[in-house]
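Numbers restart at 1 for each chain; the letters A, B, ... are given by sequence-line order, proteins then strands.
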Number of protein chains: 2
Amino acid sequence: MVRLSKRVEYALLAVQAMAEQAHALLSARDIAARNHISQTLLAKVLQQLAAAGYVRSNRGVNGGYTLAQSATTISVADIVQAVEGPDMALVDCQGSADHECTAEHVCTIREPLAVLQERIVATLASMSVAELANAKHLVPLVIEQQH
Amino acid sequence: MVRLSKRVEYALLAVQAMAEQAHALLSARDIAARNHISQTLLAKVLQQLAAAGYVRSNRGVNGGYTLAQSATTISVADIVQAVEGPDMALVDCQGSADHECTAEHVCTIREPLAVLQERIVATLASMSVAELANAKHLVPLVIEQQH
DNA sequence: CAAAAGAGGACTAAAATAGTCGTATATTTG
DNA sequence: CAAATATACGACTATTTTAGTCCTCTTTTG
């Protein structure tokens, strides 16, 4: 399914929070509590974001995380790729190399799906973390039927 | 990850084959053999496509499947939704109803992700089965380094 | 009626994801 | 310096999803 993992979901919640409170240090504990999610799992995701350079971490008492860049320069695609790894592939035979697209298994959807994949990445890149954070305020809070 | 399941992959291989040999009846066995994939699993996927009205099935000896519509009117999004179910949701709290977005778990990325989801579906809808089938012929067969 | 093909349910196996635990390291504060 | 708080990171477990198989039934054609 075209679906984001919990790790990505947590990462998005985290960067959204950081974008709202720029210049503040938010701890994994705070963000986890605010969103009712696992603290340790979130911490790992934040470490990935730090390793990818989107987040700066500060250890020790009163430590925490901040965005390492402007929220306008980080896209949802960046976050997804930082957390899931860069070789996002719609199907197996798209990956960087040595996948099962061998002589006997010539998958005929390889090229068209490569095109689709590019478009999807572009779509994910079309939304910045700043937009992710602002949408919350901009979109009118419609009371829905269900839910 | 943003990734298609094997079921979708098989469905795409099948409709691609049917688009190429329009008006022919292709059996699940044939398509499975051609692509070196599980016949029974493919058969189930084809049944889903038939139930969704994209494919017409014919039982009995010399039976098989054909596209029920022109390849130009069926999109990749149609196939994905027929196989994965219509409630494609990037995250849990997008689904049609009663998901975990309760009073205590107010997920703040709900609205922006709904927007992203629409864009992704639109992206998948941007490629028809006809294009999926033609790309194979149009794209020059580049000999790649690896693979 | 026999063979070939689809329909469909129940079930098993494998892989991916989610989540936990323990320990180490860094930083601040009293 | 000691205690408290926070990140870093590896190993591990549990859960869920996905992939795939098996068996039985129905339909169609020769």
Could you state the atom-to-atom distance from [atom1] of [X] to [atom2] of [N] in whole Å?
| X | N | atom1 | atom2 | value |
| --- | --- | --- | --- | --- |
| B:L25 | C:dG6 | CG | C1' | 12 Å |
| B:N62 | C:dA4 | CG | P | 10 Å |
| B:L4 | D:dT17 | CG | P | 18 Å |
| A:Q47 | D:dG10 | CD | P | 9 Å |
| B:L46 | C:dA7 | CG | P | 8 Å |
| B:D30 | C:dA5 | CG | P | 7 Å |
| A:R29 | C:dT20 | CZ | P | 15 Å |
| A:L42 | C:dA18 | CG | P | 13 Å |

What verdict does the side chain to side chain contact (heavy atoms under 4.5 Å, CB included) test give for B:V115 and B:R119, after you've listed the backbone C-alpha separation in whole Å, the side-chain angles of each residue and the deciding distance to 0.1 Å? CA-CA 6 Å; B:V115 172; B:R119 291 186 194 167; 3.7 Å; yes
Side-chain contact, heavy-atom cut-off 4.5 Å: B:R3 with A:L90?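 Of all side-chain heavy-atom pairs linking A:L90 with B:R3, none is under 4.5 Å.
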Checklist entry - Tell me, do B:V8 and B:Q81 make a side-chain contact under 4.5 Å, heavy atoms counted? => result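 No, their side chains stay 4.5 Å or more apart.
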Does OP1 or OP2 of C:dA5 have a side-chain N or O of B:S57 closer than 4.0 Å?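 So the side-chain polar atoms of B:S57 never come under 4.0 Å of the phosphate oxygens OP1 or OP2 of C:dA5.
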Problem set entry | Phosphate contact (C:dA16 OP1 or OP2) by A:S5 side-chain N/O below 4.0 Å |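 No, A:S5 has no side-chain N/O under 4.0 Å of OP1/OP2 on C:dA16.
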Between B:N134 and B:A130, is there a donor-acceptor pair closer than 3.5 Å when you use the side chain of the first and the backbone of the second?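 Such a contact is found between B:N134 side chain and B:A130 backbone.
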Check your understanding: Base, sugar-phosphate, or nothing for B:A50, non-hydrogen atoms under 4.0 angstrom?
Key ->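 The residue B:A50 makes no contact with any strand.
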Its contact letters, B for base, S for sugar-phosphate only and - for none at protein heavy atoms under 4.0 Å, make nucleotides 20-25 of chain D read SB----
_Assess, by modelled atom type and distance only, whether the side chains of A:T72 and A:S128 contain a donor and an acceptor separated by less than 3.5 Å._
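No, no side-chain donor-acceptor contact under 3.5 Å.
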Problem set entry | Candidate pair B:Q16 and B:V129, rule side chain to side chain contact (heavy atoms under 4.5 Å, CB included), full reasoning | CA-CA 6 Å; B:Q16 185 188 50; B:V129 169; 5.8 Å; no
All N/O donor-acceptor pairs, side-chain side in residues 49-58 of chain B, below 3.5 Å, sequence neighbours left out:
none

